[in-house]
Amino acid sequence: MASRILAQQPVYVNGIKATNQSLFPNTEPFSGFNRPSRIQGDIEDLEVEGTIPKAVEGTFYRIQSDHKYAPKFESDIHFNGDGIVGAFRISDGCVDWKQRYVETDRYKVEKDARKNLFGKYRNPYTDHPTVKGLIRTAANTNVFFWRGVLLALKEDGPPFALDPDTLATIGRYDFDGQVLSPTFTAHPKVDATTGELICFGYEAGGDGNDASKEVVIYTIGPDGVKREEAWYTAPYCGLIHDCGITENYVVLAMSPLKASLDRIQKGGNHWAWDPNEDQMYGIFPRHGGKREDAIWVRSTTAFHGHVAGAYEEDGKIIFDAGVANGNVFFFFPPEDAEPGKVAHRNKIYSPVTRWIFDPKTLRSGEWVEPAQKCPFSSEFSRIDERYNGKKYSQLWTLQVDPTRPYDVARCGSPAGGLFNVLTHYNWETGELDEYFDGPCTTFQEPVFIPESDDAPEGHGYLMALMNRLDELRNDIGIFDAQKLNAGPVAIIKLPLKFKLGFHGNWVDQREIDMFKKARESGKIKPALPAQKPLPWQLSNGHSN
Ligand SMILES: C=Cc1ccc(O)c(OC)c1
Ligand SMILES: [Fe+2]
């Protein structure tokens with residue numbers, strides 16, 4: 001086949017976008033499975049093979065990072081793209097799909113300008129001067145259902161709310177003026193017993209991108225009213241991506257990817273890996289927390305993956321999370337890394353690791369050691385969320401098993417990671433149930449769907465996007481959560497390639513309908529966008 005290079009001005013000069021032309025860099029983060037997709041649209045009645053179980057009645061929401069405009073810097077990373085939300089609504093065995101961008105403040109001004117205006121990941125000093133003081137989050141990491149709205153979340157900024165039916169963006173969401181932190185985690189948790197939302201923000205003392213060590217933890221009641229707000233100071237400004245909740249405690253895991261205001265102001269990376277720094281766990285009371293109540297304990301340098309579950313037993317906190325023995329975010333190398341040298345993916349082992357903390361005796365600065373490790377490397381663990389904050393025994397996760405065949409000739413590199421084995425693990429019995437689809441398929445983060453409201457723990461279904469790396473196309477597999485090994489009970493055939501997304505959640509149709517009715521009838525006030533700028537925007541002299 002003849003290929004023709006059209007004559008044109010170079011789009012990137014010295015690594016910086018030099019024209020207004022829409023053309024993405026020819027780099028790994030924008031290639032293969034992660035090539036920009038940018039599709040907003042609808043498909044009714046997707047093809048289904050097999051039989052979708054009766055209990056699967058609801059919507060699977062998921063989000064991916066998908067730069068609307070070619071980035072300012074040719075070296076831009078996957079994490080810096082606009083959030084685009086997909087919804088797979090399943091009803092009586094039929095599946096409809098819809099996908100829309102999250103219309104953040106960033107998205108809107110860039111759309112008006114028809115080009116990129118925000119520069120590097122979490123570095124406002126690299127932005128076009130006209131966007132100074134605007135909220136720069138791309139809301140691309142998680143999509144979370146709360147009281148009838150979808151919250152599109154990224155840890156560098158506030159939530160943006162979407163309508164769960166239409167996926168239309170409502171606007172920035174501040175919980176009716178109750179949550180004014182500049183940052184908000186992508187991983188809030190709903191306590192399965194109380195229905196409370198526990199959420200936090202880190203790097204929260206200023207505009208969210210200034211290496212602040214302040215951390216805030218909020219509790220919102222199931223009635224939408226804020227019950228707790230407590231501020232703490234971390235030992236350093238490190239990345240705190242996920243949390244665990246128990247009946248009486250919140251645990252935050254902080255990795256030694258550190259922010260430096262000086263480096264940010266010089267236009268450098270927000271984060272740099274510090275191989276000489278410890279991993280930390282912050283332990284905080286759920287109720288009436290005061291600054292001096294924080295307990296920060298440390299252990300060997302490590303990178304935290306996601307939290308599986310947490311609970312209390314005999315007064316101790318059990319906390320289970322992925323812990324990797326190296327910097328998973330190779331694109332944020334140590335500050336003294338050789339300049340100009342391309343950062344490479346590190347070889348990493350990342351078992352789900354169990355910690356047992358005694359909050360009555362632990363003191364800040366103490367050293368802790370893991371209690372137990374799962375016998376495999378994995379990421380994206382999920383549990384039966386009816387057990388959030390309670391004793392649980394089962395998790396589902398994406399195992400990385402490099403000993404299985406992988407067809408590199410047909411698939412190239414498995415962008416994002418070789419998540420090739422869907423895995424079910426039981427802490428009590430040690431039982432391992434695995435599903436490997438073949439040498440051309442990897443998985444995205446699964447969601448668990450209970451068989452019924454009163455089904456025993458883990459009885460139900462597991463749903464996950466499957467990446468057909470050789471075809472650049474996706475399917476969705478639905479599995480009996482107790483029999484992954486038997487293969488999918490249904491496959492939703494997708495005519496498109498999605499990008500490698502981050503997170504998603506299953507929402508039962510009854511919950512969506514209940515809140516919709518309550519909002520329409522006025523029983524619950526409508527979800528309104530934030531009415532005032534965030535405090536940091538006002539102090540920067542910005543008002544909008
Ligand atoms: C997976 C973790 C993670 C951490 C920080 C981010 O900004 C992010 O964006 C997609 C993802
Ligand atoms: Fe995450």
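Read the numbers this way: they start at 1 and go in the same order the structure lists the ligands and their atoms.
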**Student:** Are Asp82 and Lys68 close enough for a salt bridge, meaning some N to O gap below 4.0 Å?
**Tutor:** no

**Student:** Could an N or O of ligand 1 be found under 3.5 Å from any N or O of Tyr121, whether backbone or side chain?
**Tutor:** yes

**Student:** May I ask you to identify, for Asn140, whether its side chain, its backbone, both or neither come under 4.0 Å of ligand 1 on a heavy-atom basis?
**Tutor:** side chain

**Student:** Determine whether more than 12 heavy atoms belonging to other residues, nucleotides or ligands lie under 6.0 Å from atom NZ of Lys391.
**Tutor:** yes

**Student:** At less than 4.0 angstrom from any non-hydrogen atom of Lys154, what atoms of ligand 1 do you find?
**Tutor:** 6 (C), 7 (O), 8 (C), 9 (O), 10 (C)

**Student:** Does any N/O atom on Glu155 come nearer than 3.5 Å to any N/O atom on ligand 1?
**Tutor:** no

**Student:** Looking only at the aromatic ring of each residue, does the gap between the centers of His304 and Tyr281 stay below 6.0 angstrom?
**Tutor:** yes

**Student:** So which protein heavy atom does atom 11 (C) of ligand 1 come closest to, and at what separation?
**Tutor:** Phe79 CE2, 3.5 Å

**Student:** Not counting sequence neighbours, which residues clear side chain to side chain contact (heavy atoms under 4.5 Å, CB included) with Asn34? List them please.
**Tutor:** His78, Ala415, Lys499, Leu500

**Student:** So is Asp156 close enough to ligand 1, meaning a heavy atom under 4.0 angstrom away?
**Tutor:** no

**Student:** With a 4.0 Å cut-off on N to O distance, would you call Asp156 and Lys154 a salt bridge?
**Tutor:** no

**Student:** Please give me the protein atoms (N, O or S only) lying under 2.8 Å from the Fe ion (ligand 2), ordered by chain and number.
**Tutor:** His187 NE2, His241 NE2, His306 NE2, His503 NE2

**Student:** Any salt bridge linking Glu445 with Arg382? Criterion: basic side-chain nitrogen under 4.0 Å from a carboxylate oxygen.
**Tutor:** yes

**Student:** Search all heavy atoms of Lys17 against all heavy atoms of Leu23 and return the closest pair with its distance.
**Tutor:** CE-O, 4.3 Å

**Student:** Check the side chains of Gln399 and Thr423 for a donor-acceptor pair under 3.5 angstrom, ignoring hydrogens and angles.
**Tutor:** yes

**Student:** In terms of residue, atom name and distance, what is the protein heavy atom nearest to atom 4 (C) of ligand 1?
**Tutor:** His241 ND1, 3.4 Å

**Student:** Quick one: look at Phe329 and ligand 1, take heavy-atom pairs under 4.0 Å, and tell me if it's side chain, backbone, both or neither.
**Tutor:** side chain

**Student:** Hey, would you say the Tyr249 and Phe357 ring centroids sit under 6.0 Å apart?
**Tutor:** no

**Student:** Going by the order shown, which atoms of ligand 1 are within less than 4.0 Å of some heavy atom of Phe502?
**Tutor:** 10 (C)

**Student:** When you check the gap from the basic side-chain N to the acidic O, do Arg404 and Glu434 get nearer than 4.0 Å?
**Tutor:** yes

